[in-house]
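Here, residue 1 is the first one in the sequence, and each next residue gets the next number.
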Amino acid sequence: TVRSASPVSLVDGQTFEPVFNPAQAGALFGVIALPFGYWWFITVPEARIGLAKDKRLDSGEARAYLEELAASKEPRAAERWFFSKWLRQARPSKRRSSQPPESQVM
């Protein structure tokens with residue numbers, strides 16, 4: 001006859017200890033670090049460069065927004081506070097400033 005072991009007798013003899021697996025830790029680190037590294041070293045700098053160009057170009061959306069915010073008479077205190085540094089650093093466009101005044105044109 002075949003005796004079936006009771007579930008209690010199987011559990012009584014087993015103990016579980018935590019085991020550190022370096023390969024598993026390395027894989028976990030790689031799965032987290034590689035996408036983060038790509039985002040931090042590739043995606044973020046590209047976005048910053050794009051935004052810097054957009055703020056300087058005459059046709060840039062960020063520049064148009066900043067000019068509209070600076071000229072607005074509406075009370076937009078939160079927006080003005082948030083973009084205060086950009087508003088202080090806003091430069092006139094190169095195209096407008098590089099043209100001589102009409103009085104100097106011959």
To the nearest 0.5 Å, what is the distance between [atom1] ([X]) and [atom2] ([Y])?
| X | Y | atom1 | atom2 | value |
| --- | --- | --- | --- | --- |
| Glu46 | Leu51 | CD | CG | 13.5 Å |
| Lys55 | Phe83 | NZ | CZ | 9.5 Å |
| Arg48 | Thr43 | CZ | OG1 | 11.5 Å |
| Glu79 | Leu66 | CD | CG | 10.5 Å |

Establish whether Leu87 and Trp81 are linked, either directly or via other cluster members, by ILVMFWY side-chain heavy-atom contacts under 4.5 Å.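 Yes, Leu87 connects to Trp81 through the hydrophobic network.
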
With a 4.5 Å cut-off on side-chain heavy-atom distances among I, L, V, M, F, W and Y, is there a chain of contacts connecting Tyr38 to Val44?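 No.
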
Using 30° and 60° as the class limits, which term best fits the ring planes of Phe36 and Trp39: parallel, tilted or perpendicular?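 Plane angle between 30° and 60°, so tilted.
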
Heavy-atom pair with the smallest gap, counting every atom of Trp40 and Pro45: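 Heavy atoms only, the tightest pair is O-CD, 3.3 Å.
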
Between Pro35 and Gly30, which heavy-atom pair has the shortest distance, and what is it?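 Nearest heavy atoms, Pro35 then Gly30: CD-O, 3.9 Å.
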
Under a 3.5 Å distance rule, please check whether Arg76 uses its side chain to pair with a backbone N or O of Leu69 as donor and acceptor.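 No, because the side chain of Arg76 does not come within donor-acceptor range (under 3.5 Å) of the backbone of Leu69.
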
The criterion is salt bridge (charged side-chain N to carboxylate O under 4.0 Å, His left out); which residues satisfy it with Glu74, sequence neighbours excluded?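 For Glu74 there are no salt bridge (charged side-chain N to carboxylate O under 4.0 Å, His left out) partners, ignoring immediate neighbours.
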
Other residues, nucleotides, ligands: >12 heavy atoms within 6.0 Å of Gln89 CD: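 Yes, the 6.0 Å shell around CD holds more than 12 heavy atoms from other groups.
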
Sub-4.5 Å side-chain heavy-atom contact between Arg63 and Asp54: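 In short, these two side chains do not touch, never coming nearer than 4.5 Å.
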
